[in-house]
*Asks:* 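Below: one structure in structure tokens.
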Amino acid sequence: MNTMASLQERRSARVATSSSQQTNPRKAHSKPSKEKRRERSSSRNWVLLFLVFISLIVVLFYSMRSRNGPLQLPTHITPFPGPKISDLSQFRGKHHEELYWGTYRSNLYLGIRARVPKSLLAGLMWISVDSSGMLAVRHTCEASDNMKRYGWLRHDGRSFGYQELLDGSMLLKTTFVKKKFSSSGYGGDWVVRIRVEDISEESSENIKTLLFYVADEAGRSLKLHPNDRQGTRLVSGTMKDAGQWTLHVKGMAKEGIHYVGYSTEHFHNITTLVSHVLQSQARRTGRLQLPDSMQSFSNLAIFQVDGKVPFEVEFVYVSDGGSDTSATEARVEQLSGLSLNNELGERETSFEKQFEQTFCLKEKGFDDRYVEAGMAALSNMLGGIGYFYGRSRIAVPSVSEGESSSQRFWHYWPSALYTAVPSRSMFPRGFLWDEGFHQLLIRRWDKKVSMEIIGNWLDLMNVDGWIPREQILGTESRSKVPEEFVLQHTSNANPPTLFLAIQDYLSTLSEESASKLGEEDRAFLERSFPRLQAWFNWFNTSQVGKLPGSYFWHGRNADTDRELNAKTLSSGLDDYPRSSHPSTDERHLDLRCWMVLATKSMLRISSLLGKDSGEYRRMAEQLANMDLLNKLHYDTVSGRYYDFGNHTEKVKLAWKVWQDPKTGYVRQELVRSVQRHPYLRLVPHFGYVSLFPFIMKLIPADSPVLRNQLDLIVDEKLLWTAYGLRSLATTSSMYMARNTEHDPPYWRGPVWININYLVLGALHRYSQEPGPYKDAASRIYTQLRDNLIRNVVESYNESGYLWEQYDNAANGRGKGAHPFTGWTSLILLVMAEQY
Ligand SMILES: *[C@@H]1O[C@H](CO)[C@@H](O)[C@H](O)[C@H]1NC(C)=O
Ligand SMILES: *[C@@H]1O[C@H](CO)[C@@H](O)[C@H](O)[C@H]1NC(C)=O
Ligand SMILES: *[C@@H]1O[C@H](CO)[C@@H](O)[C@H](O)[C@H]1NC(C)=O
Ligand SMILES: *[C@@H]1O[C@H](CO)[C@@H](O)[C@H](O)[C@H]1NC(C)=O
């Protein structure tokens, strides 16, 4: 694994040098060949020196001229030229300091860091004993840990969070609170309180072990204070912004705390390190106890707390308060014990107050169980927000999707990303299309945090207007991703869902011109505009179809016979069936509708800012033209919207048995056979994609086409279930079909909350707009909403989790990744009826 990693680094370095040589042919001549070196004469030497001198000047000249230009870097990895949105003054200064510390290590059960590339890290671990007596160190969120439940029950996204984790019968309650005192240094102070209980009956005398660590990513050494027995100081160090800091322990006598210190530059595998130390200690001493030793220049310090349940311990971080130690001690007192209880009481009350003000669940008559689920949905969305730093790996254009990351790649520039994540266990990193959905919720709670996140994403744009869709930044993130998904492909899109959040945000600005906007809104829009424009153009050029007004997701694999239907990862709907034979004749309905959303948003922003909006207006009219849409995608016989492409329904996967000529072994694999010739036609898979013209509210309220859509939505043979709308009709030939031996159905049946949310939004709109189908829309709206809320909340209450998807048949049970508190958290907006 390790050698692999460094091999890849070296490979990529080679790619980088060879490409810079290509762009600068002079370099190749600056090195004299062996022949010449042998017959050196002094005059030659002078000529040579002169040549070297000249070529150096030329190289210098070009490299200065082409700082951002194509001469230096392939455009794929050249940043978009223009000031960054995250550099706006509204995101610096006080705002930056307020959001400096946070639970920004999304992939940990509890992890804290600052929003800087090289931070002080803190994290919680505990030792768990399973029923067979096996010991395990808990640290990163893993599905295989089989936690009964865990997640934030309260989190305000800024300075307060409360979480419960149930591991077997061990219940951990963790609280994170941040506070800035007048004597605090940059970023203020914080505390982590951990309470451990055992919920089983026969639990008395039970000893549980917690481990809490701090690590300086910048490699600065830490100073441990094991010997000043009196005080509460455990360890201290320095940070660039915060100056000197100290970590104190409260609620637990220092004598009982064991420790170990290491000097390391690896932070993604601290769990392994701790397991190894504990194992070797157990072998040597018979006890599971850290050795109370430290390497010189340790930048990682781990503390062990053993307590008899129930017990509580607090770790207080205090930033530089100058030399006044009594002020520091006062701050430690303020952030622990009884004062902390009071503080927590206040935080919780104000959280609940703001929650009710924002989402009005009680006012709408929801009982406590629903309100609790709603608060958990919001808290996990906010508590999952992370800060990542690193370089994406970009496939060189000849490498195709799904090939392993040991293929040639380029490094994107080093970038920071502040973002929410879909799932702390399975997907603890940024995903472009998920993020637009996340921001629908976050912006209602905290507009500024949301704007900053959107800005961070747009700052990742390259000069072509492309944004990598999955952000795997840094080794900690990379350690979680299977090889074949690491490389990002510059030809591949992802739904521009950020426009959902932007459109929503624009709708709150009633102003007609930029001069009347608030200062921060105006600055944000002005600075985002060129990037949004470039993003728009990237879609409008790279994803166009053959006919005017048509689009398709580029990058489907037309050559594979190993899949039942070639996946369309870029659409976000992975295995949702498209035409059987990918080609440039394809037209994808969902992408066309995403383009309508993008065009309308661009039209609004450009006219708001007084820019030339003529082209967006023309395009908005063209794309809203129902005749054109219907000509490209509508089946008048069935009243359904479809994709178009080279298609046959007659395909199937069958086992092919063959003998490997090299080894002589008999092998078998699933291979697709095509039993009838494909031809150009509408692709008759009815499902989420078919609903997009409805979802984007393109259909006029008085059109019979609208009635068709409503009829289709309530048809139980198609999408309707008691748990929400399923992704693909039961009548589709691909309904719940496996795509390969190893790919179970994903978007081929199960209920997904993000699309259901969009459908509800459209139903809500049509139930308000005058027209012959108003009442029908309203009835369906109420039923669909009830079904979704009931199922998601019941399943949360039973299982302790929000899920990635829900079963569309038997029982509506949660499936796939969990906790999945990305777009599934939109259930809160469904309860609040905010669309
Ligand atoms: C952690 O990973 C690094 C690099 O991948 C490796 O050198 C180191 O040995 C690992 N540490 C442990 C304890 O596995
Ligand atoms: C989008 O592309 C079409 C042609 O492919 C072009 O006519 C149109 O002007 C473009 N839209 C914008 C807003 O640039
Ligand atoms: C459809 O696909 C088949 C099989 O690949 C191919 O022979 C045929 O030419 C394609 N038709 C069109 C119109 O592209
Ligand atoms: C489920 O509901 C019961 C009864 O209201 C409650 O005691 C329990 O804590 C709930 N579970 C979760 C995970 O919210």
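Residue numbers start at 1 and run along the sequence shown. Counting convention: from 1, in listed order, for ligands and their atoms alike. Here the structure is a predicted model, which means the values were calculated and not measured.
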*Asks:* Indicate the ring-plane relationship of Phe351 and Trp445, choosing parallel, tilted or perpendicular according to the 30° and 60° boundaries.
*Replies:*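 Answer is tilted, since the angle falls between 30° and 60°.
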*Asks:* Run the numbers for me: atoms of ligand 4, each under 4.0 Å from some heavy atom of Tyr796, listed by number.
*Replies:*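 Numbered from 1, ligand 4 contributes 13 (C), 14 (O).
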*Asks:* Do Thr740 and Glu563 have side-chain N/O donor and acceptor atoms under 3.5 Å apart?
*Replies:*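 No, Glu563 and Thr740 have no side-chain donor paired with an acceptor closer than 3.5 Å.
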*Asks:* Could you tell me whether ligand 4 has any atom less than 4.0 Å away from a heavy atom of Arg369?
*Replies:*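 Yes, Arg369 has a heavy atom closer than 4.0 Å to ligand 4.
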*Asks:* Is the shortest distance from a Lys or Arg side-chain nitrogen in Lys815 or Glu804 to a carboxylate oxygen in the other one below 4.0 Å?
*Replies:*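 No, this pair does not count.
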*Asks:* Any protein N or O within less than 3.5 Å of an N or O in ligand 3? List each pair with its distance, or say none.
*Replies:*
| residue | atom | partner | partner atom | Å |
| --- | --- | --- | --- | --- |
| ligand 3 | 2 (O) | Asn646 | ND2 | 2.3 |
| ligand 3 | 11 (N) | Asn646 | ND2 | 3.0 |

*Asks:* May I ask you to check if ligand 1 and His276 share an N or O to N or O distance below 3.5 Å?
*Replies:*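 No, since none of the N or O atoms of His276 sits under 3.5 Å from an N or O of ligand 1.
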*Asks:* Given Glu649, which of Ser733, Ser732, Ser580 fulfils the side chain to side chain donor-acceptor pair (under 3.5 Å) condition?
*Replies:*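 Checked Ser733, Ser732, Ser580 against Glu649; only one passes side chain to side chain donor-acceptor pair (under 3.5 Å): Ser733.
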*Asks:* Can you list the atoms of ligand 1 that are under 4.0 Å from a heavy atom of His268?
*Replies:*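 It comes down to these atoms of ligand 1: 2 (O), 5 (O).
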*Asks:* Do the charged groups of Asp145 and Arg138 touch, with an N to O distance under 4.0 Å?
*Replies:*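 Answer for the salt bridge query: yes.
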*Asks:* Indicate yes or no: does an N/O atom of Asn797 lie under 3.5 Å from an N/O atom of ligand 4?
*Replies:*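 There is such a contact, yes.
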*Asks:* In this structure, are over 12 heavy atoms from other groups packed under 6.0 Å from Arg195 atom CZ?
*Replies:*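 Enclosed.
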*Asks:* Are a donor atom and an acceptor atom from the side chains of Asn646 and Ser579 found within less than 3.5 Å of each other?
*Replies:*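 No, no side-chain donor-acceptor contact under 3.5 Å.
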*Asks:* Parallel, tilted or perpendicular: which fits the ring planes of Tyr641 and Tyr634, with parallel below 30° and perpendicular above 60°?
*Replies:*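 Answer is tilted, since the angle falls between 30° and 60°.
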